[in-house]
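Quick notes on the structure that follows.
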Amino acid sequence: MIVMCPHCGGLNRVAPDRLSQNPSCGKCHQALFTGQPVEMNETQFRRALAKTELPMVVDFWASWCGPCKMFAPTFSQAAAQLEPKARFVKINTEQAQSLAGELGIRSIPTLAIFQNGQEIARQAGAMDLGGFTRWVNQHLS
């Protein structure tokens with residue numbers, strides 16, 4: 001499985017059975033999974049979408065959005081619980097306006113799951129931790 005390093009962006013081949021064994025990047029030698037969401041810009045997101053095989057759970061947000069700020073700790077907790085089942089990614093729609101437009105992000109927060117380069121699920125609005133983790137698990141099982 002191809003996994004992008006959250007630190008240097010290097011692409012790493014990792015056997016699926018080794019994902020939970022704290023693999024490190026072959027380029028920068030840092031941990032591939034930190035249990036924290038990864039902030040990506042548009043270029044990084046497009047590269048990850050095209051090149052990596054690990055599902056991505058994406059939070060499309062903006063700094064002025066109150067519900068986005070309230071949901072951020074929940075998203076972080078879910079990342080800590082569910083990695084390395086998926087990569088948890090945050091996209092600031094103010095900085096990635098063309099990407100948000102292309103993907104039809106009409107309200108924020110919008111949560112989406114991408115697998116094998118395709119969107120497989122979308123949810124508008126924030127959720128509590130239990131509801132969010134159930135939603136993610138439902139679409140990744």
Side-chain angles (χ1 to χ4, degrees), residues 1-12 14-141:
M1 174 175 286
I2 303 294
V3 178
M4 182 183 281
C5 177
H7 308 285
C8 72
L11 299 176
N12 295 266
V14 180
D17 62 336
R18 289 208 52 239
L19 289 176
S20 62
Q21 298 175 358
N22 300 320
S24 59
C25 177
K27 186 176 179 183
C28 74
H29 308 291
Q30 294 190 59
L32 289 177
F33 298 102
T34 63
Q36 294 293 316
V38 178
E39 300 255 354
M40 287 188 183
N41 62 32
E42 186 173 337
T43 303
Q44 292 166 326
F45 175 77
R46 290 183 189 282
R47 183 170 184 246
L49 194 61
K51 303 280 186 182
T52 66
E53 299 170 52
L54 192 66
M56 291 192 300
V57 179
V58 184
D59 176 11
F60 293 94
W61 68 284
S63 61
W64 51 263
C65 168
C68 296
K69 290 179 183 180
M70 288 176 34
F71 180 68
T74 301
F75 194 76
S76 292
Q77 287 175 316
Q81 288 179 14
L82 299 175
E83 260 194 0
K85 189 174 190 176
R87 172 74 71 209
F88 285 74
V89 175
K90 294 188 68 75
I91 302 287
N92 184 333
T93 57
E94 292 179 310
Q95 298 170 355
Q97 291 180 7
S98 62
L99 177 65
E102 181 183 316
L103 294 175
I105 305 300
R106 307 256 184 264
S107 63
I108 50 173
T110 291
L111 309 166
I113 301 175
F114 295 85
Q115 190 165 24
N116 298 320
Q118 302 295 316
E119 182 177 328
I120 62 168
R122 182 180 289 206
Q123 168 73 39
M127 292 184 261
D128 64 29
L129 181 60
F132 181 54
T133 56
R134 278 190 301 279
W135 180 75
V136 170
N137 284 323
Q138 170 189 350
H139 293 288
L140 293 183
S141 320

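Numbers here are sequence positions counted from 1. None of the values given here were measured: they were computed from a predicted structure.
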Would you mind reporting whether [Y] and [X] have side-chain heavy atoms less than 4.5 Å apart?
X      : Y      : result
Val57  : His139 : no
Leu111 : Trp135 : yes
Leu11  : Thr52  : yes
Leu19  : Val3   : yes
Trp61  : Asn92  : yes
Met56  : Phe45  : yes
Leu54  : Pro84  : no
Val136 : Gln123 : no

Taking only residues two or more places apart in sequence or in another chain, which ones pass side chain to side chain donor-acceptor pair (under 3.5 Å) with Ser63?
-> Glu94

Output the distance between atom [atom1] ([X]) and atom [atom2] ([Y]), rounded to the nearest 0.5 Å.
X      : Y      : atom1 : atom2 : value
Met40  : Arg87  : CE    : CZ    : 6.5 Å
Phe71  : Ile108 : CZ    : CD1   : 13.0 Å
Lys90  : Asp59  : NZ    : CG    : 3.5 Å
Leu129 : Phe75  : CG    : CZ    : 12.0 Å

Minimum-distance pair of heavy atoms, taken over all atoms of [X] and [Y]:
X      : Y      : value
Asn12  : Ser24  : OD1-O, 4.1 Å
Ala62  : Thr93  : CB-OG1, 3.8 Å
Leu103 : Arg122 : O-NH2, 2.6 Å
Ile91  : Leu99  : CG2-CD2, 4.1 Å
Met127 : Thr74  : O-CG2, 3.7 Å
Ala78  : Thr133 : CB-CG2, 4.1 Å

Indicate yes or no for a side-chain donor-acceptor contact from Arg47 to the backbone of Thr43 under 3.5 Å, with no hydrogens or angles considered.
->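 Not confirmed, Arg47 side chain does not pair with Thr43 backbone.
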
What do you reckon, is [atom1] of [X] surrounded by more than 12 foreign heavy atoms closer than 6.0 Å?
X      : atom1 : answer
Asp128 : CG    : yes
Gln21  : CD    : yes
Met70  : CE    : no

All N/O donor-acceptor pairs, side-chain side in residues 27-36, below 3.5 Å, sequence neighbours left out:
residue, atom, partner, partner atom, Å
Gln30, OE1, His7, ND1, 3.4
Thr34, OG1, Gln36, N, 3.3

Under the salt bridge (Lys or Arg N to Asp or Glu O under 4.0 Å) rule, collect the residues that match up with Arg46, sequence neighbours excluded.
-> Glu42, Glu102

